[in-house]
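This report refers to the structure that appears directly beneath it.
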Amino acid sequence: MPYTSGTTGKPKGCIHTHATVQSTTVPYLYWRGADNDSVVLSALPMFHVTGMQAGMNAPIYRGAKLVVLSRWDRDCAAMQIERARVTTWSAITTMLVDFLSNPRLGDYDLSSLRVLGGGGAAMPEALARKLEEVFGLPYVEGYGLSETMAPTHINPPHRPKRQCGGIPIFNTDARIIDPRNAPRTRRRRGGRDHRPWAAGVQRLLAAGAGDA
């Protein structure tokens with residue numbers, strides 16, 4: 001039962017089943033291109049759905065090697081990429097801002113990385129370009145929620161688009177709805193009207209799943 005960050009109010013617990021967790025664990029591997037020889041840098045907290053899925057469940061399911069940081073440290077992250085020949089890293093935007101601002105970054109060999117992606121916040125155009133200069137890789141953005149056990153959308157790894165959350169992953173239906181014209185799905189909860197915008201097998205198992 002992961003908890004949300006409280007963006008729309010107080011944090012709330014999202015009840016998931018093994019099925020909803022599995023529904024994003026396996027597709028994630030196809031979109032990120034991980035294989036049995038992957039070495040994954042797990043630097044995100046595992047109580048967060050992105051860290052849980054990208055940094056723990058998906059690599060374990062694949063049988064990849066995990067390099068776990070107990071807390072974020074930009075020098076330690078760069079050192080581990082060099083030492084363990086890390087191939088795959090999912091990181092949030094603020095983490096990469098700190099990573100790139102390290103004046104000692106040039107001292108480390110980061111050439112082993114093959115996959116770099118993440119989400120959490122929009123990736124600025126200038127930072128995305130800087131990442132490509134440093135790693136020689138595009139930053140593959142995705143979008144997800146605690147309510148959807150992380151990804152609902154990811155950019156195709158062979159053709160990522162900057163400042164774009166991506167396209168729906170497997171078994172996910174996403175639609176853009178104009179609330180002024182679209183019919184409303186009324187559910188009396190606190191006097192508000194709820195309008196679902198995405199449907200998929202990864203949604204939380206609880207009342208209010210339509211919010212996701």
Side-chain angles (χ1 to χ4, degrees), residues 2-7 11 24-25 28-29 31-35 37-146 149-151 153-155 157 160-166:
Y3 275 73
T4 67
S5 59
T7 304
T24 56
T25 298
Y28 178 85
L29 294 169
W31 287 77
R32 284 288 188 247
D35 53 41
D37 295 327
S38 295
V39 180
V40 178
L41 179 62
S42 183
L44 291 169
M46 293 178 185
F47 59 77
H48 187 277
V49 288
T50 302
M52 181 189 297
Q53 294 297 83
M56 182 177 69
N57 288 336
I60 289 175
Y61 182 92
R62 177 61 77 184
K65 181 185 292 185
L66 275 174
V67 178
V68 181
L69 299 189
S70 59
R71 62 182 177 84
W72 170 246
D73 182 286
R74 64 188 185 185
D75 276 302
C76 185
M79 179 182 67
Q80 295 303 329
I81 292 173
E82 178 179 343
R83 181 194 66 83
R85 306 303 296 165
V86 169
T87 63
T88 305
W89 184 19
S90 288
I92 59 174
T93 302
T94 50
M95 181 180 288
L96 290 170
V97 170
D98 184 47
F99 188 81
L100 290 180
S101 64
N102 186 352
R104 298 182 54 215
L105 191 60
D107 297 340
Y108 300 100
D109 180 5
L110 309 175
S111 61
S112 60
L113 270 176
R114 301 197 301 262
V115 179
L116 178 65
M123 173 62 68
E125 174 77 13
L127 183 60
R129 291 185 181 277
K130 181 65 175 177
L131 284 170
E132 288 197 36
E133 292 175 10
V134 172
F135 292 107
L137 296 169
Y139 180 75
V140 183
E141 291 191 64
Y143 175 81
L145 301 162
S146 301
M149 191 47 69
H153 297 68
I154 302 181
N155 273 271
K161 184 178 180 180
R162 291 197 189 107
Q163 297 187 305
C164 174

Closest non-hydrogen atom pair, [X] against [Y]:
X	Y	result
E141	C164	CB-O, 3.4 Å
A91	M95	CB-SD, 3.7 Å
P138	E132	CA-CG, 3.8 Å
Q53	A150	CG-CB, 4.3 Å
V39	A84	CG1-O, 3.7 Å
S38	T87	CA-OG1, 3.4 Å

How many angstroms lie between atom [atom1] of [X] and atom [atom2] of [Y], to the nearest 0.5 angstrom?
X	Y	atom1	atom2	result
D73	M79	CG	CE	8.0 Å
I154	Y143	CD1	OH	13.5 Å
I60	K65	CD1	NZ	15.0 Å
T93	M123	OG1	CE	4.0 Å
T25	Y61	OG1	OH	9.0 Å
Q163	L127	CD	CG	10.0 Å

Worksheet item: Can R85 and D109 be counted as an ion pair, charged N to O under 4.0 angstrom?
Response: yes
Worksheet item: Between R129 and E125, is there a side-chain N and carboxylate O pair less than 4.0 Å apart?
Response: yes
Fill in: Verdict with reasoning, M52 to N57, per side-chain contact (heavy atoms from CB on, under 4.5 Å)
CA-CA 6 Å; M52 181 189 297; N57 288 336; 3.5 Å; yes
Worksheet item: Do Y28 and T50 meet the criterion of a side-chain donor-acceptor pair at a distance under 3.5 Å?
Response: no
Worksheet item: Y108 and N102: side-chain donor and acceptor closer than 3.5 Å?
Response: no
Discussion item. I want to check something: taking the side chain as every heavy atom from C-beta on, are P157 and V115 in contact at a cut-off of under 4.5 Å?
Written reply: no
Say whether, by atom type as modelled, one donor and one acceptor occur between the side chain of [X] and the main chain of [Y] under 3.5 angstrom.
X	Y	answer
S42	G55	yes
T24	M149	yes
N155	K161	yes
S112	V86	yes

Discussion item. Determine whether L131 and L100 satisfy the following criterion, side-chain contact (heavy atoms from CB on, under 4.5 Å), listing intermediate values before the conclusion.
Written reply: CA-CA 8 Å; L131 284 170; L100 290 180; 3.6 Å; yes
Item to complete: Mind running side-chain contact (heavy atoms from CB on, under 4.5 Å) on T88 and L41 for me, showing each step along the way?
Response: CA-CA 6 Å; T88 305; L41 179 62; over 6 Å; no
Practice prompt. Could you check L110 against L105 for side-chain contact (heavy atoms from CB on, under 4.5 Å), going step by step and ending with a plain yes or no?
Written response: CA-CA 9 Å; L110 309 175; L105 191 60; 4.0 Å; yes
Worksheet item: Can we call the ring centroids of Y139 and W89 under 6.0 Å apart?
Response: no
